[in-house]
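Just so it is clear, the values below take in all heavy atoms, side chains as well, and ignore hydrogens, waters and symmetry mates. Numbers restart at 1 for each chain; the letters A, B, ... are given by sequence-line order, proteins then strands.
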Amino acid sequence: MDTAERAALVARHTEEVVTEDELETLLAETAEPTAYIGYAPTGEMHIGHFTTIRKLADFIDAGLDVTVLVADLHAHLDDEKSPFELLDARSEYYRLAIEGMVAAAGADPDAVSFTRGTDYQLEEPYTLQLYRLLADTTISRAQRAGSEVVRQSDNPKLGGLVYTLMQSLDVAALDADIAYGGIDQRGIYMLAREELPDHGFDKPLCVFAPLLSGLSGGKQSSSDRASGVFLTDDADTVAEKIDGAYCPAGEVADNGVLEYLQRLVFPVLAVRDDPLVVERPEEYGGDLSYDAYGELESDFVAGELHPADLKPAAAAAIDDVIAPVRERLLDHPEVLAEAYPETWG
RNA sequence: CCGCCCUUAGCUCAGACUGGUAGAGCAGUCGACUGUAGAUCGACUUGUCCCCCGUUCAAAUCGGGGAGGGCGGACCA
């Protein structure tokens with residue numbers, strides 16, 4: 001694989017790369033570039049996380065050294081989304097779920113390094129750097145950077161501000177060349193690109209994944225189980241949720257069903273070299289089979305593929321994709337019960 | 001340390017002055033209409049009224065105490 005091919009692999013299915021030129025340079029000049037993505041272990045993981053994590057397989061194939069940060073302190077700093085006492089349990093759950101998703105994406109989980117925030121964020125060098133960042137970042141700058149990530153309220157806590165600076169510093173602390181995350185993380189990593197060079201660190205490249213629409217048209221949320229498919233949802237639940245999803249015939253915008261297919265199902269099917277089969281009654285033209293998302297979208301836009309036929313096929317395919325992750329999680333009921341006692345205890 | 005304000009449905013809040021065991025909007029659920037969903041109609045559900053004590057035939061409402069949250073003041077040798 002030459003540099004251009006590797007760059008294309010890293011960049012495919014992304015929302016934005018900052019910047020493409022820097023990516024080519026990095027891949028050409030660095031022996032083993034590093035990329036990291038951080039997750040604050042808060043609510044249960046869902047299919048939106050899966051689409052973002054699935055891309056780690058591309059990173060690994062492109063020769064990147066991938067680290068996943070389980071940012072336990074962040075989970076508490078952001079308006080105490082996770083109680084302090086649950087950080088251990090939820091960190092364990094996140095690691096289990098993420099490993100499951102990496103494996104389900106066709107990559108080797110052992111190729112990913114895991115780190116927890118508390119492994120290094122309490123040590124002196126990190127703390128000292130954090131204080132220095134705190135000293136020269138304005139409140140409004142930190143607020144703006146974190147506005148898409150940190151919970152907003154009329155009476156925001158200091159934790160949400162520190163969260164933003166810590167995440168910026170994490171890029172340097174983990175020695176990552178590339179900061180990867182959903183496009184909602186853009187504000188924070190732009191702050192990192194601005195501030196880190198002033199503190200003697202390299203300016204990180206950023207790769208942003210698209211966010212999935214929720215099934216009702218809004219955003220997917222960990223705190224709303226109905227807004228999307230969760231990793232532990234069984235086949236019937238997936239079918240119910242997809243059946244209820246906003247899905248206007250012929251329209252692509254805000255269509256969660258199509259997004260699931262494009263961003264998660266087809267990439268996984270491609271690895272297995274399987275098509276997506278849509279069963280359809282004879283009166284509407286009989287079964288269909290798609291090897292690529294583009295064909296399916298064309299048919300959908302043209303009105304050749306009706307939502308009522310698409311939905312059951314999509315539900316079955318989604319269930320098939322999450323099944324191995326679900327099984328891995330349900331194999332460890334004690335992990336779920338300790339991390340989310342109110343749901344699983 | 002002092003003073004003032006707030007706490008009612010999943011969310012935002014009304015009701016408190018003039019006690020009679022609670023309402024609106026949004027959300028949600030279910031029908032109708034569409035070969036899905038949404039939109040649109042139609043129907044429906046939801047509550048330790050922050051906690052404790054007291055007054056009263058009767059307290060979300062009045063009195064006292066407490067908890068949590070917000071705002072302001074004071075101290076500044």
Under 3.5 Å donor-acceptor pairs involving side-chain atoms of residues 298-308 of chain A, not counting sequence neighbours:
from	atom 1	to	atom 2	distance (Å)
A:S298	OG	A:G294	O	2.9
A:D299	OD2	A:Y290	OH	2.6
A:H306	ND1	A:A308	N	2.9

* Base-pair map of RNA chain B as dot-bracket, where | denotes pairing with a different strand and pairs are Watson-Crick or G-U under 3.5 Å -> ((((((((.[[[[.)....(..]]]].(((((.......))))).....[[[[[..)....]]]]])))))))....

Between [X] and [Y], does any side-chain donor sit less than 3.5 Å from a side-chain acceptor?
X: A:S91; Y: A:D88; result: no
X: A:E22; Y: A:T19; result: yes
X: A:D72; Y: A:Q121; result: no

* Hey, can you tell me if A:Y39 and A:Y94 have their rings parallel, tilted or perpendicular (30° and 60° cut-offs)? => tilted

* Among pairs that include at least one residue of residues 196-206 of chain A, which meet side-chain hydrogen bond (donor to acceptor under 3.5 Å, both in side chains), considering only residues two or more places apart or in two chains? -> A:D136-A:H199

For residues 323-331 of chain A, which side-chain N or O atoms pair as donor and acceptor with protein atoms under 3.5 Å away, sequence neighbours left out?
from	atom 1	to	atom 2	distance (Å)
A:R326	NH1	A:D233	O	2.6
A:R326	NH1	A:D319	OD1	2.8
A:R326	NH2	A:D319	OD1	3.0

May I have the distance from [X] (atom [atom1]) to [N] (atom [atom2]), rounded to whole angstrom?
X: A:Q152; N: B:U12; atom1: CD; atom2: P; answer: 15 Å
X: A:N155; N: B:G69; atom1: CG; atom2: C1'; answer: 8 Å
X: A:D79; N: B:G69; atom1: CG; atom2: P; answer: 12 Å

* Encode nucleotides 34-42 of chain B as B, S and - characters from 5' to 3', where the letter depends on protein heavy atoms closer than 4.0 Å: B to the base, S only to sugar-phosphate, - to neither. => -BBBS----

* What integer number of Å spans the P atoms of B:G63 and B:G19? -> 12 Å

* Structure fact -> For residues 318-345 of chain A, the ring pair (Phe, Tyr, Trp, His ring centres under 6.0 Å) pairs (sequence neighbours left out) are A:Y93-A:Y340

